[in-house]
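Here's the structure we're looking at; comments come further down.
Small disclaimer: the values here were computed from a predicted structure and weren't measured. Within every chain, numbering begins at 1; the chains are lettered A, B, ... in the order of the sequence lines, protein sequences first and strands thereafter.
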2 protein chains.
Amino acid sequence: MSRDGSSTRERILDAAERLVIDNGFAATSVDRVIADASSSKGAFFHHFQSKNDLAKALVERYAAADRAHLDEAVAHVRALDVDPAGRVLAFVELFERGADELMSAQSSCLYVSVLTERDLVNSGTTADIEPAITAWRDQLSRLLSEALPEEGTVDTDALADHLFVTFEGAFILSRATGDKAHMRRQLHVLRQLLTSLLARPHAASARAPKARFNP
Amino acid sequence: MSRDGSSTRERILDAAERLVIDNGFAATSVDRVIADASSSKGAFFHHFQSKNDLAKALVERYAAADRAHLDEAVAHVRALDVDPAGRVLAFVELFERGADELMSAQSSCLYVSVLTERDLVNSGTTADIEPAITAWRDQLSRLLSEALPEEGTVDTDALADHLFVTFEGAFILSRATGDKAHMRRQLHVLRQLLTSLLARPHAASARAPKARFNP
DNA sequence: GTTGTATCAGACTGTCTGGTCTGCTGCACT
DNA sequence: AGTGCAGCAGACCAGACAGTCTGATACAAC
């Protein structure tokens, strides 16, 4: 490890993370990574056994930051002096307020880039992603079940997953349209939807018209 | 064009679509595509000027099918004898019911695979995606505004985008967890949320606790 | 039959890629 | 001063890659 603040390994990871998020993993060459990191082939393969090993390190670091972000947000809303429903809404609002800053920092999510490549998933390189998602589900599901005392009406796990789904979907939508404001808008929509659900959870079972659809 | 039902060009597109959705565009070689399509280099470059040209044709075909699917669904719910809110819910329910079949046919969305590669986006290869998304937004936004007479309370465009966001996000979640049932579950969650919103649209403006968050 | 053309087949090529190898440098420890 | 080793530089290599080229085949038009 070098003496200054950013080690060569960290510089490589930083450059690789940006490139992989922007261009995808397969489209990112290690030559380009080391050029952006002002490093060399020797340094790269000293720190990483292979390109796939880089992907694994990338996912590990990203997932760890993701979980830290989650824990911080949960601790924050748990410290608020509001009712359980207010905690859930404050939780979503936290990310809604941070959305523009997030989108200016990164154009998409690393998870999308690596999950797109099946061999990375099959080789276990992306194994750290699922526990991170589960952590989001578990924490938000707990907040939700505290705010939705009526059991059985709503699948709080699936509802909790919907925040992750909104994040990832908004990243895709932003990519497709070039409009980074979609993240904030979609989180706002989610908060509006949750507001009405939490106000009358007993109405959660949707009526079913006799619709039939054959594509 | 050959005489049997599936032309060589279509066989190449079929094979390429599956490979690109599964492995990503950069990770899909034309050698692999022609092998899966039982074709040859000569045939490939006779039908497509370049690999990027294949991507463009792939997106065009996929987006056209996407829009046809949308139009069919809209026509279906517009023919139902239900109130405007019932149409919206029937619309979502249509895709909820088709979710398992969809997920068994394809493991992800082509849009995700091609949007991940920035050079495809920058070169205009993915230009057909945005109009397709806009079509979804416009159609669903109209259904929503008919069901939400109070103007100004809800951004129906953003709310309409949330269906697309749910689709794409659920694809990502399924990839990450290996559980294809997430698509159906997430569409069900969306329908529950819309049910409560449509039942009391006047409560849509979320209260704002004094939360502040510095990541 | 001849010509023309659309549709292919597959060998070939130049470039790019992940990965290896040899060696250099500077610091730690004795 | 000598030794060892982590950290790094960059030349190098074998394979994979997108794209080219020369033809072969089949069929239509005349």
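- Note: NE2 (B:H46) to P (D:dA26) measures 17 Å, nearest angstrom.
- Every residue was checked against the salt bridge (charged side-chain N to carboxylate O under 4.0 Å, His left out) condition with A:D155, not counting sequence neighbours, and none meets it.
- Applying the ring pair (Phe, Tyr, Trp, His ring centres under 6.0 Å) criterion to A:H162, with sequence neighbours excluded, gives B:H162.
- Of the residues in residues 47-59 of chain B, those with a non-hydrogen atom less than 4.0 angstrom from any atom of DNA chain D are B:S50, B:K51.
- Distance B:F45 CZ to D:dA18 P: 7 Å, rounded to the nearest Å.
- Smallest separation of non-hydrogen atoms from A:A15 and A:V33: CB-O, 3.9 Å.
- Residues passing the ring pair (Phe, Tyr, Trp, His ring centres under 6.0 Å) test with B:F25, sequence neighbours excluded: none.
- Using a cutoff of 4.0 Å between basic side-chain nitrogens and carboxylate oxygens, A:E146 and A:R142 are not scored as salt-bridged.
- Contacts of residues 13-34 of chain A with DNA chain C (heavy atom under 4.0 Å): A:T28, A:S29, A:V30.
- Applying the salt bridge (charged side-chain N to carboxylate O under 4.0 Å, His left out) criterion to B:D71, with sequence neighbours excluded, gives no partner residue.
- Using a 3.5 Å distance cut-off with no hydrogens or angles, the side chains of B:D157 and B:S141 do pair a donor with an acceptor.
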Between protein and nucleic acid, restricted to nucleotides 12-15 of chain C and to nitrogen or oxygen atoms under 3.5 Å apart, what atom pairs and distances do you find?
none

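- For B:F45, the ring pair (Phe, Tyr, Trp, His ring centres under 6.0 Å) test picks out no residue, with sequence neighbours left out.
- Residues meeting the ring pair (Phe, Tyr, Trp, His ring centres under 6.0 Å) test with B:Y62, sequence neighbours left out: B:Y111.
- Remark: B:E168 pairs with no residue by the salt bridge (charged side-chain N to carboxylate O under 4.0 Å, His left out) rule, at least two apart or across chains.
- Between B:F48 and B:F44, the two ring planes are tilted [angle within 30° to 60°].
- For DNA chain D, no neighbouring residue in residues 120-129 of chain B is found when judged by any heavy atom under 4.0 Å.
- Checking B:L198, B:L148, B:T195, B:V82 one by one against B:V88, the side chain to side chain contact (heavy atoms under 4.5 Å, CB included) holds for a single residue, B:L198.
- Within the structure, salt bridge (Lys or Arg N to Asp or Glu O under 4.0 Å) pairs that include any residue of residues 24-33 of chain B comprise B:D31-B:K41, B:R32-B:D36 (at least two apart or interchain).
- OP1 and OP2 of C:dT7 both lie 4.0 Å or more from every side-chain N or O belonging to B:T8.
- Going from atom CD1 of A:I12 over to atom P of D:dG7 covers 12 Å, rounded to whole Å.
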